[in-house]
Protein chains: 2
Amino acid sequence: MRNKKRAVTIQDVAKAAGVSVSTVSRVLNEKVDVAQDTQERILDVIKQLGYTSNLAARSMRGRHSHLIGLIIPDIGFPYSIEIMKGVNQAIAQSDFGLMVYTTGDIQKNATASLEQHYVSLLNNSITDGVIIVAPIAQDFYSDGPIVSVDPHKMKPNFPSVHANNYEGARQAIKYLIELGHTRIGFIAGRPELESAERRLRGYRDTLVEFGLPLDESLIVQGDFTQKIAVGCAHQLLTMENRPTAIFAGNDQSAIGVYEAAEELGFDIPGDLSVVGFDNIPEAGYLNLTTIDQFLTDMGRVATEMLIQLINQKPLETLTYRMQTELIIRGSCSPIFQEALHETKSAL
Amino acid sequence: MRNKKRAVTIQDVAKAAGVSVSTVSRVLNEKVDVAQDTQERILDVIKQLGYTSNLAARSMRGRHSHLIGLIIPDIGFPYSIEIMKGVNQAIAQSDFGLMVYTTGDIQKNATASLEQHYVSLLNNSITDGVIIVAPIAQDFYSDGPIVSVDPHKMKPNFPSVHANNYEGARQAIKYLIELGHTRIGFIAGRPELESAERRLRGYRDTLVEFGLPLDESLIVQGDFTQKIAVGCAHQLLTMENRPTAIFAGNDQSAIGVYEAAEELGFDIPGDLSVVGFDNIPEAGYLNLTTIDQFLTDMGRVATEMLIQLINQKPLETLTYRMQTELIIRGSCSPIFQEALHETKSAL
DNA sequence: ATCCTTACCGGTAACGTTACCGGTACGATT
DNA sequence: AATCGTACCGGTAACGTTACCGGTAAGGAT
């Protein structure tokens, strides 16, 4: 943009069409109060000159920029990718453009003030609204509307979309119990994440509901990454009286369980049943039974909600709760009392 | 952005700090010609007021916006995602932001004029440079630098990054021939894509090089999608004297071959060997032998090149050619002369 | 004939920022 | 003492666009 050969502006168009800039601007926007032939003439000139309106000037002066901002953790994560796909679907069907900002590694960098910085940066200037994925902050100062996906707090002070994490965990545990499992390990997510906390609660409550004992040593602290989950699975699988099933906090953790199981020579689902959470594409390839939280839909819904807000239409619900669904694949098998006994006495 | 409560501007900061806007602007940018304590005072005020500079105004008036545009086909494609990951890596290590524009379905919408429109839209206004993935157009009118990934023409009139498609195809075919395969099917990509054309050429030339006959009926026209590839694979596998191996134009096509093989009761690699191209993550899960073209690296390199251009530094090469690598997994098996004979006489 | 409405169009002032051209103060040099 | 150089800072004009307020002409109503 340094040595830019002056781009064609609205002025050039006006001059070439023999009208004022105001008229050209009207044609570009409202399309009212302009004579038919004038409009056509201007449109011709625009095409001929290859004019495209300057987004910066437009969003600076005008009321709207037709741009939506997406603030998302590292897009290396399948989780982020799935949500982004949904956002993109909704964007494609609208007349909005998309600006993507990455807050970097989900682990470290993300702080409430960095989030606030991006929100201000975008909504102060260049976007009509912002979607923020997995925000830590409870509230934002923002000049434009904001919708979050999977926020940390259940009731944030802004519209949000999140999965029914509690019910999802319940579906998973119920399924495993019905298969006959009584010792079910859990690899938790980062405790400061609302979703992780709700899944843990679902795990606990469901065990109690079915009259099973709560063994705290079956709960190990993961962080939603594959790497850490390998260690967690190791811990669970080498303990005395090991669990016959593991409910992983998310699919990436489940993949870590696969890795650990392979190292230790455990067969899935023969020796060990595994259930994940998220239903990322990888789960399908690994034949992993998991809880679908419809990440793509969450991204799409959030975007649609944001567009509603931008257009100053009322929202049906402030917090949209996505239903979860148990996707049964091949990573679990029923357990029989005798087999269980064998394992028990063997250890 | 409609009822925006006036955001805090550089003027407010200037007033609060008791200096002029010019001085604040200087602090914000060059950081020269400002006294130490003045600078600190201004920085304090900025933090206190929660000021973030208006991107629109900044990029309109200033020389640079510190924004890079990415024009990419539908991000639903693993191909696009992999490239985007690389772009994001490079962005994360720079002080640039990222704007993503999707040209929609790779199949239909993409036209040279739509591409040109996006390039103008971004580079005229809001970005310092643009990366365009798999462009059709041979050249662009642009006010800022532009780098392409995987362009249609081998020698486009702008810097580009592309894989060594010809050599990649050669590696695949050579590998299959060395395993003893003589009848190798090929599912071609869309012929207007340079990459598809080069892979086809590599397929042909390598067969000839090793003295094998060229059977045109072994070449079927795909379009790089899984869906179409299923039909292609069906055609190949049900023909008289069917191929013992299939080289798919890309990994998604290879996945289609898996699907067709399953339907027809063929075992991979027992009855059929398959090689893909791209090495998307799915290939790992499917244990698919494939050609890695390092898509993520391509995205990263392209971004680095663009940043070089934006900073007006010279480029080492105008067209960066990424080497390919054969990734041997479990989708191929050697074929023995007798087994081949059996197959032949059986049909 | 005069007034009023309607359809169309133009002029101008912002929007928030940076580049550019100055200007002041003060110590150093002649 | 006069001059100069340096460090610091302010004023102003753009950048390209749209919102707002007018203004003109034509044609119908009075």
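- We find that CD1 of A/I126 is positioned 20 Å from P of D/dC15, with the value rounded to whole Å.
- Listed nucleotides D/dG16, C/dT17, D/dG11 differ in distance to A/N54; the shortest reach to its side chain belongs to D/dG16.
- Comparing D/dG10, C/dC8, C/dT17 by their nearest atom to the side chain of B/Y51 picks out C/dT17.
- For D/dG10, one of the phosphate oxygens OP1 or OP2 lies less than 4.0 angstrom from a side-chain nitrogen or oxygen of B/T23.
- For the helix from C/dA1-D/dT30 to C/dT30-D/dA1, the axis fitted to the five pairs at one end and the axis fitted to the five pairs at the other end meet at an angle of 60° (nearest 10 degrees).
- Looking at which nucleotide of DNA chain D each of B/A57 and B/Q39 is closest to, the 5′-most match is held by B/Q39.
- In this structure, the CZ atom of A/R41 is 11 Å from the C1' atom of C/dC9, given to the nearest Å.
- For A/E316, the CD atom sits in a loose shell: 12 or fewer heavy atoms of surrounding residues, nucleotides or ligands are nearer than 6.0 Å.
- As rounded to whole Å, 19 Å separates atom P of D/dC9 from atom NZ of B/K15.
- B/N311 places no side-chain N or O within donor-acceptor distance of the main-chain N or O of B/K313, the cut-off being under 3.5 Å.
- Listed nucleotides: C/dT17, D/dG16, D/dT17. Nearest to the side chain of B/M60: D/dG16.
- Both B/Q36 and A/D33 lie close to DNA chain D; mapped to their nearest nucleotides by heavy-atom distance, the more 5′-ward contact belongs to B/Q36.
- Within 6.0 Å of CZ on A/F158 lie more than 12 heavy atoms contributed by other residues, nucleotides or ligands.
- OP1 or OP2 of D/dC9 lies within a sub-4.0 Å distance of a side-chain N or O belonging to B/T38.
- The distance from atom CG of A/N29 to atom C1' of D/dC20 is 14 Å, rounded to the nearest whole Å.
- When distances run from any side-chain atom of A/R58 to the nucleotides C/dC15, C/dA19, D/dT18, the shortest one goes to D/dT18.
- No salt bridge links B/D44 with B/R41; every basic N to acidic carboxylate O contact stays at or beyond 4.0 Å.
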Worked verdict on B/S25 versus B/N29 for side chain to side chain contact (heavy atoms under 4.5 Å, CB included):
CA-CA 6 Å; B/S25 179; B/N29 302 325; 3.5 Å; yes
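- Here the side chain of A/Q138 pairs no donor or acceptor atom with the backbone of A/N157 at under 3.5 angstrom.
- With A/D128 contributing its side chain and A/S65 its backbone, the two residues share a donor-acceptor pair below 3.5 Å.
- Checked by distance alone, B/R61 brings no side-chain donor or acceptor within 3.5 Å of a matching partner on the base of D/dG16.
- Scanning atom types as modelled, one donor and one acceptor separated by under 3.5 angstrom connect the side chain of A/S22 and the base of C/dG11.
- A/R26 places its CZ atom 15 Å from the P atom of D/dT17, with the value rounded to the nearest Å.
- Side-chain N or O atoms of A/S59 include none that pairs as donor or acceptor with a backbone N or O of A/I126 at under 3.5 Å.
- In this structure, the CD atom of B/Q11 is 11 Å from the P atom of C/dT18, given to the nearest Å.
- Remark: P of D/dT17 and CG of A/L55 are 10 Å apart, rounded to the nearest angstrom.
- B/T9 has no side-chain polar atom (N or O) that falls below the 4.0 Å cut-off from OP1 or OP2 of C/dG16.
- The nearest whole Å value for the distance from the NE2 atom in A/H64 to the P atom in D/dT17 is 15 Å.
- Close to D/dT17, at under 4.0 Å from its OP1 or OP2, lies no side-chain N or O of A/S53.
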